[in-house]
Student: 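Sharing a structure, written as structure tokens. Questions coming.
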Amino acid sequence: MKKMLIMGPPGAGKGTQAEYIVKYYNIPHISTGDMFRAAIANKTEVGLLAKKYIDAGNLVPDEVTVGIVKERLANPDCKNGFLLDGFPRDLKQAEMFAVMLKELGIDLDLVINIHVDNEKLINRIIGRRICPECGRTFHIKYNKPLKDGICDDCGSSLIQRKDDNVETVSNRLDVYQSKTEPLINYYKDLVVTFDGDRDVDVIFNDIKKVIGDK
Ligand code: ADP
Ligand code: ADP
Ligand code: ZN
């Protein structure tokens, strides 16, 4: 049961849990947000197109998003499992994803849903810092690096995501509530919900129990 999605509002801890899950189970982490940020940093065609949507906290158009996910899932390293993070993000994407899975002969096993109340999400997002080199996520209060502003893993200077500001966050939370949250019901047969307002390792332990052996 290792063909999985991870869902939840912005700041719920999807990326943080995903880092632990993919390391433990040795499966690829497919994050559409990470892929877009890499594309923007590299100034690719996808990056140039996605940038204005991301900066405003809106969804990038499906033509772009669905294409990059399909290409990634077709890669042989996804054969024994994968963790998709940040996709699908609305009903339309979920329907296109269902077609894609059928074409690729993939059966989804589990949808991990992380729940955190709205008022807690804002602080998590505003205090988030990421490593531009290795992608690791930190928080200025809740998940501090050993040395302020420096990545524990690779020593690079941490940065704040451009969309992690108060103005954009409220739109992202609205977009989540109106478009993404309905997917919990769409996937109801596969969803397991975890309380994301606990220590990172406590949540990860619960998730491991549901996913099972390596
Ligand atoms: P968060 O971790 O805060 O939930 P992500 O890193 O997943 O945010 O996504 C950042 C931004 O990238 C989103 O606000 C959106 O603009 C864009 N994005 C990511 N995934 C998708 C997707 N599946 N469809 C459309 N836009 C996406
Ligand atoms: P998402 O990918 O869902 O947007 P992240 O994994 O990037 O969320 O986490 C958002 C912020 O909250 C980061 O700064 C992260 O270090 C922090 N964080 C993640 N999980 C927890 C937790 N269980 N308790 C407190 N802070 C957390
Ligand atoms: Zn790093």
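For ligands, and for the atoms within them, numbers begin at 1 and follow the listed sequence. Along the sequence shown, residues carry numbers from 1. Everything numeric in this text was worked out from a predicted model, so none of it was measured.
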Student: N/O of Y142 under 3.5 Å from N/O of ligand 2, yes or no?
Tutor: no
Student: Quick one: does ligand 1 sit under 4.0 Å from the side chain of R128, the backbone, both or neither, non-hydrogen atoms only?
Tutor: side chain
Student: If you count the atoms of ligand 2 from 1 in the order shown, which ones are under 4.0 Å from a heavy atom of K14?
Tutor: 1 (P), 2 (O), 3 (O), 4 (O), 6 (O), 8 (O)
Student: Do ligand 2 and A12 have nitrogen or oxygen atoms that lie under 3.5 Å from each other?
Tutor: yes
Student: Identify, for atom 23 (N) of ligand 1, the protein heavy atom at the shortest distance, and state residue, atom and that distance.
Tutor: G86 O, 2.9 Å
Student: Check each atom of ligand 2 against the heavy atoms of P9 and keep those under 4.0 Å away; list them by number with element.
Tutor: 3 (O)
Student: For K179, is there any backbone N or O sitting under 3.5 Å from a side-chain donor or acceptor partner on R89?
Tutor: no
Student: Just heavy atoms, cut-off under 4.0 Å: does A18 contact ligand 2 by side chain, backbone, both, or neither?
Tutor: neither
Student: Among protein heavy atoms, which lies nearest atom 3 (O) of ligand 1, and at what distance?
Tutor: R172 NH2, 2.6 Å
Student: Could you identify the single nearest non-hydrogen protein atom to atom 24 (N) of ligand 1 and state the distance to 0.1 Å?
Tutor: Q93 NE2, 2.9 Å
Student: Hey, does D34 come in under 3.5 Å of ligand 1, counting only N/O atoms on both sides?
Tutor: no
Student: Just to be sure I read this right, does ligand 1 sit under 4.0 Å from the backbone of T65, its side chain, both, or neither, counting only heavy atoms?
Tutor: side chain
Student: Test your reading of the structure: does N143 have an N or O sitting under 3.5 Å from an N or O of ligand 2?
Tutor: yes
Student: What residue among R136, K147, K23 forms salt bridge (charged side-chain N to carboxylate O under 4.0 Å, His left out) with D153?
Tutor: R136
Student: Under 30°, 30 to 60°, or over 60°: which ring-plane class applies to Y24 and F204, parallel, tilted or perpendicular?
Tutor: perpendicular
Student: How does F36 reach ligand 1, by side chain, by backbone, by both or by neither, if only non-hydrogen atoms under 4.0 Å count?
Tutor: side chain
Student: Do you know which of I159, N165, D163 makes side-chain contact (heavy atoms from CB on, under 4.5 Å) with R161?
Tutor: D163
Student: Within rounding of 10°, what is the angle whose vertex is the Zn ion (ligand 3) and whose arms end at SG of C131 and SG of C134?
Tutor: 110°
Student: May I ask you to say whether D164 pairs ionically with R172, meaning some side-chain N is under 4.0 Å from a carboxylate O?
Tutor: yes
Student: Is the contact between V200 and ligand 2 made by the side chain, the backbone, both, or neither, using heavy atoms and a 4.0 Å cut-off?
Tutor: both
Student: Answer side chain, backbone, both or neither: which part of Q17 comes under 4.0 Å from ligand 2, heavy atoms only.
Tutor: neither
Student: Taking only heavy atoms of F87 into account, list the atoms of ligand 1 that are under 4.0 Å away from them.
Tutor: 23 (N)
Student: Has D152 got a side-chain atom pairing as donor or acceptor with P145's backbone, closer than 3.5 angstrom?
Tutor: no
Student: What protein heavy atom sits nearest atom 13 (C) of ligand 1, and how far off is it?
Tutor: R89 NH2, 3.7 Å
Student: Note the single closest protein heavy atom to atom 20 (N) of ligand 1, along with its residue, its atom name and the distance in Å.
Tutor: T32 OG1, 2.8 Å
Student: Check for a donor-acceptor pair, side chain of K208 on one end and backbone N or O of I21 on the other, with a separation under 3.5 Å.
Tutor: no
Student: For atom 15 (C) of ligand 1, what is the closest protein heavy atom, and at what distance to 0.1 Å?
Tutor: N58 O, 3.5 Å
Student: Starting from atom 2 (O) of ligand 1, which protein heavy atom do you reach first, and at what distance in Å?
Tutor: R161 NH1, 3.6 Å
Student: Indicate yes or no: does D55 engage K162 in a salt bridge with an N to O separation below 4.0 Å.
Tutor: yes
Student: Test of understanding: given a 4.0 Å heavy-atom threshold, classify the contact between I125 and ligand 2 as side chain, backbone, both, or neither.
Tutor: neither
Student: List the closest protein heavy-atom neighbour of atom 26 (N) of ligand 1: residue, atom name, distance to the nearest 0.1 Å.
Tutor: V60 N, 3.0 Å
Student: Mark up the atoms of ligand 1 that fall under 4.0 Å of a heavy atom belonging to R37, in ascending order.
Tutor: 6 (O), 10 (C)
Student: Does G11 reach ligand 2, in the sense of a heavy atom lying below 4.0 Å from it?
Tutor: yes
Student: Closer than 4.0 angstrom: is that true for some heavy atom of G33 and an atom of ligand 2?
Tutor: no
Student: Check each atom of ligand 2 against the heavy atoms of F138 and keep those under 4.0 Å away; list them by number with element.
Tutor: 13 (C), 14 (O), 16 (O)
